[in-house]
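The structure displayed is predicted, hence computed values, not measured ones.
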Amino acid sequence: MPEGDALHRAARLLQPLVGERVEVETPNPRAAVKQIAERLDGRLLESVEAVGKNLLLRFEGGLVLRSHLRMTGRWRLDRRGTARRGKPWLVLRGSEVEGVLWNGPVLELRRDSAVRWRLGPDILALPPRLDDMVAALRREAPGRRVGDALLDQRLVAGIGTVWRAEALWAARISPWRPLGEVSDEELRAVLAEAAGKMRASLDGAHASRQAYGRSGRACRRCGTPIRSWLQGDDARLVFWCATCQPGPEPRGAGDSNPTE
């Protein structure tokens with residue numbers, strides 16, 4: 001699933017359309033039924049910003065379009081009139097370029113006064129509100145696993161499975177530790193790692209993965225094989241080093257790994 005840095009990158013991509021009156025089309029029938037084109041066509045696009053894993057496009061008249069990419073969505077910026085095959089979900093056509101949303105199943109249009117997304121502080125805010133994030137995590141049940149809580153967008157917006165794994169590895173904290181056993185300083189360290197790594201990715205850095213996707217391979221720090229297991233109600237795959245990130249583990253996690 002695209003994480004916060006991918007959405008911030010999309011927001012940057014679409015900036016050439018800001019300040020233009022855009023032609024709006026919804027070629028995909030599943031998007032057309034939402035009647036978004038009818039309500040937005042010809043309106044001035046006032047701003048595009050990323051908040052966590054959401055892209056918010058604000059139009060004149062107090063209308064806000066929320067785009068969430070789920071697993072497969074992506075935004076492109078093409079020259080106006082570019083030929084394409086298939087039916088994108090949304091096309092925003094300016095005088096010279098057009099923003100095109102492919103496979104983006106979540107499109108929601110609301111009045112600005114009604115926008116209440118129930119999102120926590122954005123991990124990519126400048127500066128990130130680390131104290132507010134720690135406070136939000138502290139309001140959770142102390143038995144909740146820290147790795148699961150970091151993906152809860154109501155608490156911290158923008159972190160996904162990749163940066164969860166990388167930040168926890170860097171901070172040497174097991175994803176299986178209960179929140180009640182993780183200090184404020186440790187939480188702040190994990191969040192700072194996530195913010196720094198995601199900001200670097202947004203700015204074009206391509207660092208090698210230390211934990212994510214490396215199940216069964218040697219930890220780059222100590223040589224112990226990286227483990228992976230499903231965590232949380234959504235059964236999202238988590239990666240960690242049992243030596244560098246000591247803590248409780250789920251039954252069976254030391255014997256095998258789910259398919260990545």
Side-chain angles (χ1 to χ4, degrees), residues 1-15 47-56 66-69 75 117-140 144-179 181-214 219-221 226 231-232 234 236-241 244-245 247:
M1 181 178 293
E3 302 188 22
D5 53 328
L7 272 297
H8 278 261
R9 199 172 292 116
R12 287 182 178 180
L13 184 74
L14 296 177
Q15 291 306 309
S47 68
V48 180
E49 65 173 327
V51 180
K53 297 181 181 181
N54 299 273
L55 199 66
L56 302 183
R66 178 176 77 103
S67 166
H68 192 294
L69 301 180
W75 279 95
W117 306 117
R118 297 185 65 206
L119 295 173
D122 191 338
I123 192 68
L124 281 169
L126 288 173
R129 292 155 45 198
L130 299 183
D131 289 342
D132 290 344
M133 297 176 200
V134 171
L137 290 164
R138 281 285 171 250
R139 289 192 290 270
E140 290 298 288
R144 188 175 187 183
R145 307 296 180 180
V146 62
D148 181 42
L150 288 173
L151 295 189
D152 191 332
Q153 301 301 297
R154 300 170 305 152
L155 308 176
V156 181
I159 299 177
T161 54
V162 174
W163 298 116
R164 167 184 65 177
E166 295 301 299
L168 286 168
W169 184 90
R172 296 175 179 260
I173 295 172
S174 169
W176 300 101
R177 284 175 60 186
L179 282 170
E181 298 178 12
V182 182
S183 70
D184 286 0
E185 290 72 22
E186 288 175 315
L187 287 176
R188 194 172 287 105
V190 171
L191 294 165
E193 289 285 356
K197 292 177 183 299
M198 293 176 71
R199 176 60 58 181
S201 173
L202 177 60
D203 292 339
H206 297 284
S208 61
R209 300 283 186 246
Q210 306 300 317
Y212 182 83
R214 302 193 69 248
C219 171
R220 301 185 194 276
R221 197 158 46 201
I226 295 292
Q231 186 179 62
D234 294 332
R236 305 284 294 281
L237 203 58
V238 63
F239 299 85
W240 78 102
C241 172
C244 293
Q245 301 165 262

request  = Considering only NZ, NE, NH1 and NH2 on the basic side and carboxylate oxygens on the acidic side, decide whether R154 and D152 come within less than 4.0 Å.
outcome  = yes
inquiry  = Whether D131 and R188 form a salt bridge (side-chain N of Lys/Arg under 4.0 Å from carboxylate O of Asp/Glu) is what I want to check.
reply    = yes
query = Has the side chain of E140 got a donor or acceptor atom that lies under 3.5 Å from a matching backbone atom of A136?
reply = no
query = Between the main-chain N or O of P178 and the side-chain N or O of E181, is there a donor-acceptor pair closer than 3.5 Å?
reply = no
query = Taking the side chain from E49 and the backbone from L56, do they hold a donor-acceptor pair closer than 3.5 Å?
reply = no
ask   = Is the backbone of A211 close enough, under 3.5 Å, to the side chain of E166 for a donor and an acceptor to pair up by distance?
value = yes
ask   = Any sub-3.5 Å donor-acceptor pair from Q245's side-chain atoms to P175's backbone N or O?
value = no
query = Going from CZ on R145 to OG on S174, what distance comes out if it is rounded to the nearest 0.5 angstrom?
reply = 8.5 Å
Nearest atoms (heavy-atom pairs only) where A195 meets P128 = CB-CG, 4.0 Å
inquiry  = Rounded at 0.5 Å granularity, tell me how far CG in D234 sits from OG1 in T161.
reply    = 11.5 Å
request  = Rounded to the nearest 0.5 Å, what's the gap from CZ on R177 to OG on S183? Could you check?
outcome  = 7.0 Å
Minimum-distance pair of heavy atoms, taken over all atoms of R164 and I159 = N-CG2, 3.7 Å
inquiry  = Once rounded to the nearest 0.5 Å, what's the spacing between atom CG of L7 and atom CG of L13?
reply    = 12.0 Å
ask   = Picking from H68, R66, Q153, what satisfies side chain to side chain donor-acceptor pair (under 3.5 Å) with N54?
value = R66
ask   = Hey, does the Lys NZ or Arg CZ of R221 hover above the aromatic six-ring of W169, less than 6.0 Å from the centre and inside 45° of the axis?
value = yes
message = Could you tell me if the side chain of Q231 sits less than 4.5 Å from the side chain of L151, heavy atoms only?
response = no
request  = Might you point out which heavy atoms bring L168 and G147 nearest each other, and give the distance in Å?
outcome  = CD1-CA, 4.1 Å
request  = Taking R199 for its side chain and L124 for its backbone only, find out whether a donor-acceptor pair lies under 3.5 Å.
outcome  = yes
ask   = Which heavy atom in C244 sits nearest to a heavy atom in R172, and how many Å separate them?
value = O-CB, 3.4 Å
ask   = Going by atom types only, do W163 and S201 share a side-chain donor-acceptor pair under 3.5 Å?
value = no
message = Rounded to the nearest 0.5 Å, what separates atom CD in E186 from atom CG in L191?
response = 12.0 Å
query = With a cut-off of under 6.0 Å to the ring centre and 45° to the axis, is R144 in cation-pi contact with W176?
reply = no
key: Non-hydrogen atoms of C219 and R214 that approach each other most closely   = CA-NH1, 4.3 Å
Minimum side-chain heavy-atom gap Q210-K197 below 4.5 Å = no
task = For A157 and G120, work out which heavy atoms get closest and say how close.
result = CB-O, 3.4 Å
key: Test item: R138 side-chain N/O and L179 main-chain N/O as donor-acceptor pair under 3.5 Å   = yes
key: Pairwise side-chain contact, V182 with L137, heavy-atom cut-off 4.5 Å (strictly under)   = no
inquiry  = Counting C-beta onward and ignoring hydrogens, is there a side-chain heavy-atom pair between M133 and L155 closer than 4.5 Å?
reply    = no
note = The reported gap from CG in L130 to CG in L187 (rounded to nearest 0.5 angstrom) is 10.5 Å
